[in-house]
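Notes follow the structure.
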Amino acid sequence: MKEITLDRTDYKIIKALEKNGRISNTQLAQAINLSQSQCLRRLRLLEEMNVISGYRAKVNYQKLGYSVKAWTLVTVSKDTPNARDNVMHFLQQQSAAINVHGVTGDVDLIVEVCAKNMAEFTDLVVKQLYAHADVVSTKSYICLDTTKQDGSPLDNV
């Protein structure tokens with residue numbers, strides 16, 4: 001993969017958009033001390049390079065009645081061809097599985113689950129995921145509280 005070279009101004013744009021993805025180009029240009037046309041040109045280039053890959057609303061799912069947030073570690077069968085792909089495909093179809101990451105280490109996948117209640121969580125993890133033919137084991141961690149969210153490795157750049 002080709003390395004992308006960015007300057008301090010590019011990082012200022014990215015950091016400003018991380019804080020407020022709905023900021024207008026005029027406000028963004030003022031915040032980083034650029035002309036509006038230069039700011040827009042740089043922003044479009046960041047989008048074209050896929051450094052900025054999209055914009056979306058940050059939704060508070062708890063306010064919508066999703067009271068259970070958890071991470072489930074999944075180990076898949078090493079003896080079955082395509083087992084990992086099969087389980088990943090299954091998880092992609094589950095709306096409660098909001099993020100699915102393939103990882104190294106003792107487990108194969110880490111699944112972030114957002115469910116309305118423990119019954120819904122249990123249905124997905126125990127009755128469906130753990131029962132999946134290609135799953136060897138699962139281990140879940142329920143979120144109690146959050147002290148930091150939406151951090152950025154660019155905070156000190």
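One is the number of the first residue; the rest follow in order along the sequence.
In this structure the side chain of His89 reaches within 4.5 angstrom of the side chain of Gln93, judged on heavy atoms. Side-chain contact check for Asn99 versus Trp71: every heavy-atom pair is 4.5 Å or farther apart. Between Thr75 and Asp106, the closest side-chain pair of non-hydrogen atoms is not below 4.5 Å. With contacts defined as side-chain heavy-atom distances shorter than 4.5 Å, the pair Asp134/Phe90 does not qualify. Side-chain atoms of Ile13 and Leu28, non-hydrogen and from C-beta on, do get closer than 4.5 Å to each other. A 4.5 Å side-chain heavy-atom check between Asn117 and Glu120 finds at least one atom pair inside the cut-off. Contact of the Gln92 side chain with the Val100 side chain is not registered, since no non-hydrogen atoms from C-beta on lie closer than 4.5 Å. Looking only at side-chain heavy atoms (C-beta outward), Leu124 and Val111 stay at 4.5 Å or farther from each other.
Considering Leu45, Leu43, Asp10 in turn, Leu43 is the only one that fulfils the side-chain contact (heavy atoms from CB on, under 4.5 Å) rule with Ile52. The side-chain hydrogen bond (donor to acceptor under 3.5 Å, both in side chains) test with Asp108 singles out one residue from His101, Arg84, Lys78, and that residue is Lys78.
A distance of 11.0 Å separates CG of Leu40 from CG of Leu34, quoted to the nearest 0.5 Å. Taking OH of Tyr130 as the start and OG1 of Thr72 as the end, the distance is 13.0 Å to the nearest 0.5 Å. The CG atom of Asn86 sits 11.0 Å away from atom CG of Leu91, with the distance rounded to the nearest 0.5 Å.
Between the side chains of Gln38 and Ser35, no donor-acceptor pair is found at a separation under 3.5 Å.
Using a 4.0 Å cut-off between charged side-chain N and carboxylate O, Arg44 and Glu47 make a salt bridge.
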